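Since the structure comes first, as structure tokens, the remarks are kept for the end.
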Amino acid sequence: QDEIPRLTKGELTWELEEKWAQKIGTKYSVFVNSGSSAILLTLAALKQSGELTNNKIVVPALSWSTDVSSPMLLDYEVLMCDCNLDDLSCDITHLEMLFKSHSPSALILVSPLGLVPEMDKITSLCKEYGVLLLEDVCESMGSKYQNQYLGSFGHASFFSLYFGHHLSTIEGGFINTNDEDLYHLLLMMRSHGWDRDLPPDKQKELRQKYQCTEFSALYNFYVPGFNLRST
């Protein structure tokens with residue numbers, strides 16, 4: 001009898017996530033079905049986490065459509081930042097003006113065409129004004145700033161494995177982060193809101209907290225979720 005094929009994520013996915021996190025230099029990586037899904041899932045998880053100070057987010061005027069539409073769909077207030085003409089990322093002067101006048105909770109920093117932003121200046125501004133840095137590295141996979149990979153500077157980062165990009169799974173994407181709580185939330189919200197992808201100790205903690213049996217945990221949904229898994 002032929003072996004039944006594995007048609008959704010499994011051991012190869014987990015191995016790929018671990019290797020990608022090590023490659024970029026973060027603790028965790030979550031594989032999803034597109035770079036755009038990576039943006040949507042992360043923004044939804046940040047709202048669910050309660051760690052945002054408000055719903056304002058800065059997005060570069062030069063970006064991909066889902067950098068703008070994803071926060072709009074999730075009811076963020078989108079503040080557009082002009083680009084500079086050297087590396088095509090955020091204009092530093094305009095970015096600081098937006099930080100000062102609007103006190104946003106987050107910034108999506110887009111790195112177009114393999115170009116590298118002035119990461120020291122941007123990370124310093126984010127730290128000074130208490131803004132979470134989210135890196136969209138979908139077009140700049142493998143680019144480095146001072147020998148450090150883009151995607152390892154912010155609170156979370158997004159990569160695309162679309163067939164026209166540097167590495168391809170035809171459709172696919174990554175979220176990278178060092179934040180364990182965000183990582184666990186992403187794992188749940190990627191798959192409906194259940195706990196099946198969580199480490200055993202985290203599963204046990206949630207099941208005890210909500211008095212959930214091992215059987216009922218198969219269809220217990222702890223948070224609002226999507227289905228953004230890969231094949």
Side-chain angles (χ1 to χ4, degrees), residues 8-9 12-47 57-74 76 78 80-81 83 87-90 106-117 119 122 132-145 149-179 182-183 185-187 189-191 197 225-231:
T8 187
K9 64 169 187 58
L12 282 176
T13 312
W14 303 323
E15 183 181 352
L16 179 63
E17 289 174 336
E18 184 177 351
K19 287 185 175 181
W20 185 249
Q22 290 174 354
K23 175 70 175 179
I24 295 302
T26 59
K27 291 182 180 178
Y28 309 107
S29 178
V30 177
F31 189 59
V32 290
N33 57 17
S34 75
S36 293
S37 292
I39 299 168
L40 180 69
L41 180 58
T42 302
L43 293 179
L46 286 173
K47 275 212 161 183
I57 188 167
V58 176
V59 179
L62 179 59
S63 61
W64 187 246
S65 63
T66 47
D67 287 303
V68 181
S69 63
S70 294
M72 288 175 64
L73 287 167
L74 293 166
Y76 283 82
V78 178
M80 305 299 289
C81 181
C83 71
D87 57 54
L88 303 182
S89 70
C90 287
L107 160 68
I108 297 178
L109 177 65
V110 181
S111 304
L113 302 173
L115 300 173
V116 179
M119 297 306 299
I122 292 169
L132 282 180
L133 174 59
L134 309 173
E135 298 178 76
D136 180 344
V137 201
C138 291
E139 286 195 356
S140 297
M141 180 183 284
S143 292
K144 292 182 177 181
Y145 179 81
Y149 280 113
L150 297 185
S152 64
F153 289 86
H155 189 64
S157 56
F158 319 125
F159 297 88
S160 172
L161 278 77
Y162 183 60
F163 82 93
H165 287 161
H166 304 71
L167 297 176
S168 174
T169 53
I170 310 303
E171 295 280 6
F174 280 116
I175 304 162
N176 281 45
T177 185
N178 289 315
D179 187 300
L182 177 60
Y183 171 61
L185 194 52
L186 291 168
L187 292 179
M189 294 181 70
R190 174 180 65 179
S191 298
D197 294 336
F226 305 95
N227 180 6
L228 301 177
R229 294 170 297 190
S230 63
T231 55

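As a basis for the values below, the full set of heavy atoms in this structure was taken, side chains included, without hydrogen atoms, waters or symmetry mates. Not measured: the values here are computed from a predicted model.
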Do the side chains of [Y] and [X] get nearer than 4.5 Å, heavy atoms only?
X    : Y    : answer
S168 : L161 : no
V30  : L187 : yes
L134 : I39  : no
D136 : F159 : no
E171 : F163 : no
V68  : M80  : yes
Y28  : L186 : no
W64  : P112 : no

To check you understand the geometry: which heavy-atom pair defines the closest contact between [X] and [Y], and what is its length?
X    : Y    : answer
A21  : N176 : CA-ND2, 3.9 Å
M141 : S160 : CE-O, 3.6 Å
T8   : S230 : OG1-O, 3.4 Å
G25  : N178 : O-OD1, 4.4 Å
Y183 : S29  : CE1-O, 3.9 Å
H155 : L46  : CD2-CD2, 3.9 Å

Side chain [X], main chain [Y], donor-acceptor under 3.5 Å:
X    : Y    : value
Y162 : G173 : no
S70  : D67  : no
E135 : G154 : yes
S143 : L115 : no

**Message:** Go through it in stages, so that I can follow the logic: the residues are L132 and L107, the test is side-chain contact (heavy atoms from CB on, under 4.5 Å), and I'd like the CA-CA distance, side-chain angles, deciding distance and then a yes or no.
**Reply:** CA-CA 6 Å; L132 282 180; L107 160 68; over 6 Å; no
**Prompt:** After noting the C-alpha distance and the side-chain angles of M119 and L133, does the key distance pass the side-chain contact (heavy atoms from CB on, under 4.5 Å) rule?
**Reply:** CA-CA 11 Å; M119 297 306 299; L133 174 59; 4.2 Å; yes
Any chance [atom1] of [X] has more than 12 other-residue heavy atoms, nucleotides or ligands included, within less than 6.0 Å?
X   : atom1 : result
L73 : CG    : yes
W20 : CH2   : yes
M72 : CE    : no
K23 : NZ    : no

**Asked** How many angstroms lie between atom OG of S34 and atom CG of L228, to the nearest 0.5 angstrom?
**Response** 7.5 Å
**Message:** Quick check for you: to the nearest 0.5 Å, what is the distance between T42 atom OG1 and I175 atom CD1?
**Reply:** 3.5 Å
**Message:** Working note: K144 + L150, criterion side-chain contact (heavy atoms from CB on, under 4.5 Å); need CA distance, chi angles, decisive distance, verdict.
**Reply:** CA-CA 5 Å; K144 292 182 177 181; L150 297 185; over 6 Å; no
**Prompt:** L88 and L113: side-chain contact (heavy atoms from CB on, under 4.5 Å), yes or no, with the steps?
**Reply:** CA-CA 9 Å; L88 303 182; L113 302 173; 4.0 Å; yes
**Message:** For S140 and S111, which I'm curious about, is there any donor-acceptor pair between the side chains at under 3.5 Å?
**Reply:** no
**Request:** Sort out for me which residue in S63, P117, S157 forms a side-chain contact (heavy atoms from CB on, under 4.5 Å) with L109.
**Result:** P117
**Item:** K9: which of V32, T231, N33, D197 passes side-chain contact (heavy atoms from CB on, under 4.5 Å)
**Value:** D197
**Request:** Salt-bridge test for D179 and K27: reply yes if a basic N is under 4.0 Å from a carboxylate O, no otherwise.
**Result:** no
**Message:** Does the plane of the ring in F174 sit parallel, tilted or perpendicular to the ring in F31? Use 30° and 60° as the thresholds.
**Reply:** tilted
